[in-house]
Amino acid sequence: MIIMPRKNVFRLKIGGQAGQGVKSTGLTFAKFASRSGFQVYNYVEYPSLIRGGHNVMQINVSATGVTGPSKFTDFLVALNQDTVDKHAAELVPGAFVLFDSEAKTDTSKIIGGVNLLPVPLDKLAHDAGGKDLLINTVALGVLAGMLSGDLEVLIELAKQEYVDKPDVLKSDLAAINLGYQFALDNFSELSSPIFKLEKDKTRPMEKRLVLNGDEAVALGAISAGMQFAAIYPMSPISNILHTLAAHQLEYGYIYKQPEDEIAAINMAIGASYAGARSMTATSGGGFCLMTEGYGLAGMTETPLVIIEGMRAGPGTGFPTWSAQGDLQFVLHAHQDEFPRIVLAAGDVTEAFYMTMEAFYLADKYQTPVVVLIDKNICDDEESVPAFDISSYRVDRGKFTKELDPEYKRYQLNQNGISIRSVPGVGNFFIANSDEHDEKGYSNEETDNRNQQMTKRMKKLETCESEDMQQPLVFGPVDADLSIISWGSNKGSILQALKRFTNVNFLHIGWINPFPSEFVSKFLAKAKKSLLVECNYTSQLGTLIKEKTGFDIKEKALKFDGRPFFVEDIEDVIMSHLGLAEGEAR
Amino acid sequence: MTNLADLSTRFMPNWCPGCGNLPLWLAFKNAAVNEGWDNTNTALVAGVGCHGHIVNFTKLTSFEGLHGRPVPVATGIKLANSRLNVFAFTGDGDCLGEGGNHFIHACRRNHNITIILHDNGLYALTTGQTSPVTSHGAKTKSTPFGNPDNPINPLVIAIASGATFVARGYATDTAQLTDLIIQANAHDGLSVVDVMQPCETFNKSLTHTFYQENTYYVDKKYDPTNKVKAFDKALEFGLKKIPLGIIYKENKPSYESQITHLQGAPLVDVPADKRDINALFASYL
């Protein structure tokens, strides 16, 4: 077994008060890095507040790929004292801390060997013709100078951002230049060992999108021909609706903000019944309200895509923190039984393609399809290769608008899927929440109940044989340790795996129907299995036990709202391999 | 053209003898015949309660949903296919109890749908408990010592919430109820028809005799466009003082008429298709 050295990842952290523009600055830096030929992974932490409170964004930059958040910081931009106090312990030897030299910042908590970069941020912001809002922009200029970045790339980003606001652009550019020049004038000696954000001109640059999972879901839905979305705002999925709301006129779909999540799902069901490709999205708390509609879609056989962005805690819980605690919930929510398809995305790219797939599955199986994402996927930006939808085809499944006097909405058949029609085309039918006969009339006879129930449930078998995809396996076939996980843990696990030659990883994306045979075979072969999940009871482990009989004893569980950082996974791997690495930095 | 026979299914109504739902159903079918509502232009939605059975006896394409939720389903249908006449059948428990929030917000948004409120003053399908409109002090299965809750007034709530066509009918006067239903559907905006619909089995006070003795029609001098007077009229309820007819009417743009991309063809007239969004992708570079 070989433990490889850590690949070169530059970990920038920007911290400040909510309202100080931490996220927008971080995103600009991420795009700056991406356009300079680097890959990025952004990790954000923020409280459920609009002003005040502590916001931080970590921008991980690497030439060779970075997919997860880190516990450590190479460069800290501290827009306030809180940032220094809270993050001093994360600084690695040789790190840099940028702060306002005129703000009487107390740097006593910062360990020796860390380089202090006092910059008159506020003064330069005012010199640039702006107010304190430009402090961030000055900091970006300093960063560009320190990292030998291509200033033109940063200027181009500003020009695009403020294309309609020439006055703002002027002061923005001035702020960038002042910061850049300040770095060159004052810190040129310090900056020599630092990570360099220089374009590698020897290889062709692949253009990458920088976006988060919420945006990927919205773009996936638009691409898939979605026609109607009713979504009530809730962290961490609100950016789905923001993105959808903004582009509805261009693409001709409707986004509607309803009065609550119950209305959201019922509106989406109504629109779908009328023939529109429909969706809703929520977090666990909103999904609690949606559970009756969830079963209604199953019973009436109405196609529906539901995005469930998980956050931590019951009740109001931890609104802006992540969890994977809703897997068993979406598998069991609603009384009695109905066919539900449940998928779980592992990153931004999967969120995009799974959303598109969900629309296909909902139409084909005429039943609700849930796509589980977690807050880390919702909020964390990644740089990803351009999406390719050339092979995607919009297929509405068994669907007719032809007049058929003998039409039966719930006609019995072998695979469970009847021909769907819509109001307004002349076909009479009842989409009935009551148990119903083939036409849709309410019916309480035993034979009919057995037939209709069997027909509906049959869809899952059909789906398993025709559409279910197998889990992904990363790493060597033969491994000393096999990690089994799902959701956003994927990124940190993949990043950690780069350092080990004898560890592999089973990433499960289909939750229901479940790829039991594949998982059984994998576990039967595994020398040592380890579950990694962000919940208390190992909900995927419970599912695996139910479906395969394998009881995975070794577990790394976390439920504090924070993700598994790359280093967490490395530590877990080391300890399960019986190794101890000294300094994990 | 729609004939009465076209609206019959193979089931006869299973409502109790004397149930106000029977004449209400007839009034609705008469309206459908008059207006030519059929399976090419109309969709019905029902909630849960005795009223909900109406979909089994009326041969118009329908969605029988959940208790309290017919209004958001109807809203979704209208947004997806604005060409359809969309009717939400609901009860006083369905609409004002379980679905109160949806009722208020649908009124506020002035969706171009018609809500037909089967108002029998209590929960009947669950065999006689209080509903949000049951009078104070009433003894029911859930209030054996008298109802401590005060009733709410659906007409007042509808007007206050922003509905732009608010009417009250009495089920057994099918001619007038037919006319109200036709006018409600023709109105561009959210219409509520509160139908006094006696439950002869469980409600021994709000009977046919009671309504026949205590209702009156608002006369031609009454101006339903005056909101303040409409509140006064809506608040009238008592012996010999139950007004029927159009209580409030306002011309105001419906929700659907304000959505830019719903002008022209209904949403579902453009088939769902893959969208090329390269320009949007580029904004994330």
Side-chain angles (χ1 to χ4, degrees), chain A residues 31 34-35 207-211 215 219 222-228 230 247-249 251-254 256 258-260 262-263 266-278 292-293 296 300 386-387 389 392-394 396 422-434 441-442, chain B residues 9-11 38-45 48 52-53 55-56 59-81 83-84 101-102 104-106 108 259-262 266-268 270-285:
Chain A
K31 287 190 171 187
S34 175
R35 290 190 186 190
K207 281 193 173 177
R208 287 171 174 265
L209 311 181
V210 178
L211 78 172
E215 292 162 340
L219 298 186
I222 298 171
S223 299
M226 179 275 294
Q227 294 166 296
F228 184 87
H247 299 290
Q248 54 186 326
L249 293 181
Y251 298 112
Y253 57 84
I254 287 182
K256 178 75 198 113
E259 60 271 24
D260 55 32
I262 301 173
N266 279 280
M267 276 186 191
I269 288 170
S272 178
Y273 162 75
R277 263 202 158 178
S278 298
E292 62 168 13
L296 175 69
T300 57
F387 298 125
I389 61 168
Y392 189 82
R393 204 165 53 85
V394 170
R396 305 301 309 268
V422 288
V425 299
N427 290 331
F428 167 72
F429 64 97
I430 306 171
N432 201 337
S433 166
D434 282 340
Y441 290 118
S442 302
Chain B
T9 69
R10 58 194 169 88
F11 298 101
D38 62 20
N39 286 310
T40 67
N41 58 29
T42 299
L44 315 182
V45 186
V48 173
H53 296 310
V55 299
N56 288 307
K59 204 167 179 181
L60 291 172
T61 307
S62 59
F63 191 103
E64 157 104 46
L66 295 165
H67 185 46
R69 320 293 175 215
V71 170
V73 172
T75 306
I77 294 171
K78 188 71 185 183
L79 288 169
N81 189 348
R83 190 182 292 127
L84 295 173
N101 201 31
H102 309 311
I104 289 169
H105 292 280
R108 173 170 77 87
I259 304 300
T260 318
H261 50 310
L262 281 186
L267 196 66
V268 291
V270 181
D273 205 356
K274 186 166 79 173
R275 295 190 183 96
D276 174 3
I277 59 167
N278 284 328
L280 187 48
F281 288 154
S283 67
Y284 291 92
L285 282 172

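Letters go in sequence order (proteins before strands), and every chain restarts at 1.
Put simply, the side chain of B:Thr61 gets close to the backbone of A:Asn427: a donor and an acceptor are under 3.5 Å apart. Within the 3.5 Å criterion, the main-chain N or O of A:Leu249 finds no donor-acceptor partner in the side chain of B:His261. Of the possible donor and acceptor atoms, none in the side chain of B:Arg83 sits under 3.5 Å from a partner among the backbone N and O of B:Thr40.
Most heavy-atom pairs under 4.5 Å with chain B: of the set A:Ala263, A:Pro258, A:Ala274, A:Ser223, this distinction falls to A:Ser223. Note: A:Gln227 leads A:Glu215, A:Lys31, A:Gln227 in heavy-atom pairs under 4.5 Å with chain B. Options B:Leu44, B:Val55, B:Leu66 differ in how many heavy-atom pairs under 4.5 Å they form with chain A, and the most are formed by B:Leu66. No other option in B:Asn278, B:Leu84, B:Asn41 has as many heavy-atom pairs under 4.5 Å with chain A as B:Leu84. Interface check for chain A: of the options B:Val45, B:Thr75, B:Val48, B:Leu280, the most heavy-atom pairs under 4.5 Å are formed by B:Leu280. Options B:Val71, B:Asn101, B:Thr260 differ in how many heavy-atom pairs under 4.5 Å they form with chain A, and the most are formed by B:Asn101. Ranked by non-hydrogen atom pairs under 4.5 Å with chain A, the options B:Ile104, B:Leu60, B:Asp276, B:Thr42 are led by B:Leu60. Heavy-atom pairs under 4.5 Å with chain A peak, among B:His105, B:Arg108, B:Glu64, at B:Glu64. Contact tally against chain B (heavy-atom pairs below 4.5 Å) for A:Ala271, A:Gly293, A:Ser278: the top residue is A:Ala271. The most heavy-atom pairs under 4.5 Å with chain B, out of A:Gly275, A:Ala276, A:Ser442, come from A:Ser442. Here A:Glu259 is the residue among A:Glu259, A:Gln248, A:Lys256, A:Arg208 with the most heavy-atom pairs under 4.5 Å with chain B. Options A:Asp260, A:Ile222, A:Leu211 differ in how many heavy-atom pairs under 4.5 Å they form with chain B, and the most are formed by A:Ile222.
The contact between A:Arg277 and chain B is made entirely by side chain atoms (from C-beta outward), counting heavy-atom distances below 4.5 Å. Of the atoms belonging to B:Asp38, not a single heavy atom falls under 4.5 Å from chain A. If you measure heavy-atom distances from B:Arg10 to chain A, the contacts under 4.5 Å come from both the backbone and the side chain. At a 4.5 Å heavy-atom cutoff, the contact between B:Val270 and chain A is made by backbone atoms alone. Contacts between A:Tyr273 and chain B at a heavy-atom distance below 4.5 Å involve the side chain alone, from C-beta outward. If you measure heavy-atom distances from B:Pro266 to chain A, you find no contacts under 4.5 Å at all. Both the backbone and the side chain of A:Val210 come within less than 4.5 Å of a heavy atom in chain B. Heavy atoms closer than 4.5 Å to chain B are found nowhere in A:Ala268, neither backbone nor side chain.
Partners of B:Leu262 under the side-chain contact (heavy atoms from CB on, under 4.5 Å) rule, at least two apart in sequence or in another chain, are A:Ile254, B:Leu79, B:Glu256, B:Ile259, B:Leu267.
In this structure, NZ on A:Lys207 lies 8.5 Å from CZ on A:Arg35, to the nearest 0.5 angstrom. Expressed to the nearest 0.5 Å, how far CZ of A:Phe387 lies from OH of A:Tyr392 amounts to 14.5 Å. The distance from the NE2 atom of B:His53 to the CZ atom of B:Phe11 is 12.5 Å, given to the nearest 0.5 Å.
What you find for B:Ala272 and A:Val394 is that their closest heavy atoms are O-CG1, 3.5 Å.
Side-chain contact of B:Asn56 with B:Thr9: a donor-acceptor pair under 3.5 Å is absent, judged by distance alone.
With B:Phe63 as the partner, the side-chain contact (heavy atoms from CB on, under 4.5 Å) test is satisfied by one option alone out of A:Asn266, A:Asn432, A:Thr300, A:Ile430: A:Thr300.
Ring geometry for A:His247 versus A:Tyr251: interplanar angle of 30 to 60°, hence tilted.
Between B:Arg69 and A:Glu292 a salt bridge is recorded (basic side-chain N to carboxylate O distance below 4.0 Å).
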